[in-house]
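Every chain is numbered from 1 and lettered A, B, ... according to where its sequence line falls, protein lines coming before strand lines. Being a predicted model, the structure only gives us computed values, none of them experimental.
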There are 2 protein chains.
Amino acid sequence: MKEPAQVFTEYIAKNGLKVTPQRLRIVEVFLREDGHLTTEELYERVKKVDNTVGQATVYRTMKLLCDSGIAKEVHFGDGVARYEKKYGSEHHDHLICEACGKNLEVIDEQIELLQEQLAARHGFVLTSHRMYLYGVCDDCRGKK
Amino acid sequence: MKEPAQVFTEYIAKNGLKVTPQRLRIVEVFLREDGHLTTEELYERVKKVDNTVGQATVYRTMKLLCDSGIAKEVHFGDGVARYEKKYGSEHHDHLICEACGKNLEVIDEQIELLQEQLAARHGFVLTSHRMYLYGVCDDCRGKK
DNA sequence: CTTGTTGCAAAGGATTTGCACGGCT
DNA sequence: AGCCGTGCAAATCCTTTGCAACAAG
């Protein structure tokens with residue numbers, strides 16, 4: 001499988017765009033960090049490497065990353081966009097603790113299958129989906 | 001089953017708040033309209049009945065409607081909040097056509113059950129969830 | 001009088017955009 | 001020269017909030 005960074009580079013080339021130092025730094029930070037970072041968080045981390053990079057460039061680059069298929073924008077309910085890795089990691093859904101904010105990536109093949117079937121019953125061919133499960137985790141329920 | 005409007009009124013009373021003409025108009029418009037209206041759209045419709053109502057009041061009232069349990073905020077991906085009726089209509093998920101924007105409310109009990117089980121496997125007790133299925137509908141695929 | 005409500009305008013927060021400059025071809 | 005990319009600041013969009021006036025108990 002191709003490296004995500006390479007996928008990005010090829011996407012850039014194919015569209016007559018340019019691989020710039022800023023873009024490389026942002027991609028690098030994005031790929032290195034775990035979890036679901038906001039643009040703000042990515043911006044902070046990139047600045048540690050190069051504090052001349054502007055926030056607008058982070059916004060613009062994250063859009064490119066999404067277009068190229070290595071990133072995916074997710075929304076957890078606060079008004080902020082977050083990004084997670086898409087290329088090279090399987091699809092997953094989100095299980096979020098409403099008490100502590102903990103966020104698990106989960107997957108259930110049976111649900112995936114039923115989603116396809118449900119869509120088909122309505123005449124749809126699915127291209128993607130997003131599922132967010134909200135609840136309270138063990139720790140927050142005070143379970144020993 | 002109680003009328004949604006009554007549920008709202010009782011919620012208002014229980015919390016030491018007041019039933020005002022503005023709130024009544026907004027609830028009325030919200031309950032009358034179908035679909036998933038944005039605050040802006042609700043505001044426009046309310047203004048036709050009473051053009052003195054302010055947009056801030058619509059925002060504030062929609063929050064009350066959510067708290068009282070008769071409305072639910074949903075996000076389809078553009079940056080705008082939409083509201084749908086919650087009380088008196090069962091829970092459902094969304095099946096959205098990416099080509100024409102058509103939006104179906106769907107439900108699959110088996111998926112609902114599996115979601116509970118999936119959460120339980122991770123030590124969570126679910127309080128709610130949101131599932132958005134994106135695809136292309138029959139019409140848009142050019143099927144006869 | 002006290003408490004909650006309202007419209008307005010100002011403020012906020014996140015994201016986008018206009019622009020002049022800079023680098024590469 | 002011709003493009004694309006960049007940082008900055010200004011602009012936008014959606015939503016919230018401060019405030020003075022108001023209404024009801």
Side-chain angles (χ1 to χ4, degrees), chain A residues 8-30 36-68 71-84, chain B residues 8-30 36-68 71-84:
Chain A
F8 176 63
T9 309
E10 289 176 5
Y11 172 84
I12 291 289
K14 188 159 53 190
N15 289 79
L17 306 175
K18 292 172 185 170
V19 177
T20 67
Q22 289 92 333
R23 286 178 179 167
L24 283 178
R25 280 193 198 106
I26 294 168
V27 177
E28 182 191 315
V29 168
F30 168 68
H36 308 87
L37 297 180
T38 62
T39 317
E40 178 70 25
E41 291 164 340
L42 282 163
Y43 175 52
E44 290 304 328
R45 284 165 175 69
V46 170
K47 269 205 302 192
K48 287 183 186 163
V49 183
D50 178 353
N51 65 28
T52 72
V53 175
Q55 194 153 13
T57 301
V58 178
Y59 274 100
R60 291 189 272 232
T61 302
M62 290 318 293
K63 240 166 207 102
L64 285 179
L65 293 203
C66 289
D67 292 344
S68 74
K72 181 178 177 186
E73 190 175 324
V74 292
H75 291 267
F76 289 169
D78 47 355
V80 205
R82 286 158 210 278
Y83 295 92
E84 64 180 26
Chain B
F8 176 64
T9 309
E10 288 177 4
Y11 172 85
I12 291 289
K14 188 159 52 187
N15 290 78
L17 305 176
K18 293 172 182 169
V19 177
T20 66
Q22 288 92 332
R23 287 178 179 165
L24 284 178
R25 278 191 202 108
I26 294 168
V27 177
E28 181 191 317
V29 168
F30 169 68
H36 309 87
L37 297 180
T38 63
T39 317
E40 179 70 28
E41 291 165 340
L42 282 163
Y43 174 52
E44 290 305 327
R45 284 166 173 69
V46 170
K47 268 205 304 192
K48 287 183 186 161
V49 183
D50 177 353
N51 65 26
T52 72
V53 175
Q55 193 154 13
T57 302
V58 177
Y59 275 99
R60 291 188 274 232
T61 302
M62 290 319 292
K63 247 178 195 92
L64 286 179
L65 292 203
C66 289
D67 293 344
S68 74
K72 181 177 177 186
E73 190 175 324
V74 292
H75 292 266
F76 288 167
D78 48 353
V80 206
R82 286 157 208 280
Y83 295 93
E84 63 181 27

> Closest nucleotide of DNA chain D for A:L64 versus for A:Y43: which of these residues is on the 5' side?
Replying inline: A:L64

> If you check every side-chain atom of A:Y59, which of D:dC4, C:dG4, C:dT16 has the closest atom?
Replying inline: C:dT16

>> Quick check: closest heavy atoms across A:E73 and A:C66, and the distance to 0.1 Å?
In response: N-SG, 4.0 Å

>> I need the CD-P distance between A:Q22 and D:dT6, as an integer number of Å.
In response: 5 Å

>> Tell me the interatomic distance from B:I12, atom CD1, to C:dT3, atom C1', rounded to whole angstroms.
In response: 14 Å

> If you find the nucleotide of DNA chain C closest to B:N15 and the one closest to B:N51, which residue's nucleotide is nearer the 5' end?
Replying inline: B:N15

>> Can you see if the side chain of B:K63 gets near the phosphate of D:dT16 - specifically, an N or O under 4.0 Å from OP1 or OP2?
In response: yes

> Counting N and O atoms only, with roles assigned by atom type, does the side chain of B:R23 sit under 3.5 Å from a partner on the main chain of B:K18, one being a donor and the other an acceptor?
Replying inline: yes

> Within the structure shown, what part of the strands sits under 4.0 Å from B:T38 by heavy-atom distance: base, sugar-phosphate, or nothing?
Replying inline: nothing

> Whole-Å distance between C:dT15 C1' and A:Q55 CD?
Replying inline: 9 Å

>> In this structure, how many angstroms lie between the P atom of C:dT5 and the CZ atom of B:R60, rounded?
In response: 10 Å

> C:dG4, C:dA9, D:dC4: which one has an atom nearest the side-chain heavy atoms of B:A56?
Replying inline: C:dA9

>> Less than 4.5 Å apart, side chain to side chain, heavy atoms only: is that true for B:T39 and B:Y83?
In response: yes

>> From the set C:dT5, D:dC14, D:dC8, return the single nucleotide nearest to any side-chain atom of B:R23.
In response: C:dT5

> Just how far, in rounded Å, is P of C:dA14 from CD of A:E40?
Replying inline: 7 Å

> What's the OH-P distance between A:Y11 and D:dC4, to the nearest Å?
Replying inline: 14 Å

> A:E41 and A:H36: which non-hydrogen atoms are nearest, and at how many Å?
Replying inline: OE1-O, 3.9 Å

> If you check every side-chain atom of B:V80, which of D:dT15, C:dG4, D:dG5 has the closest atom?
Replying inline: D:dT15

> Given D:dT6, D:dC4, D:dT16, which nucleotide is nearest the side-chain atoms of A:T20?
Replying inline: D:dT6

> Any idea which of C:dT15, D:dG5, D:dC14 is nearest the A:T39 side chain?
Replying inline: C:dT15

> Over how many whole Å does the gap from B:L17 atom CG to D:dA24 atom P extend?
Replying inline: 16 Å

>> Less than 4.0 angstrom between a side-chain N/O of B:K18 and OP1 or OP2 of D:dG25, yes or no?
In response: no

> What is the minimum heavy-atom distance between B:V58 and B:Y43, and which atoms define it?
Replying inline: CG2-CD1, 3.9 Å

> Whole-Å distance between D:dC14 P and A:H75 NE2?
Replying inline: 14 Å

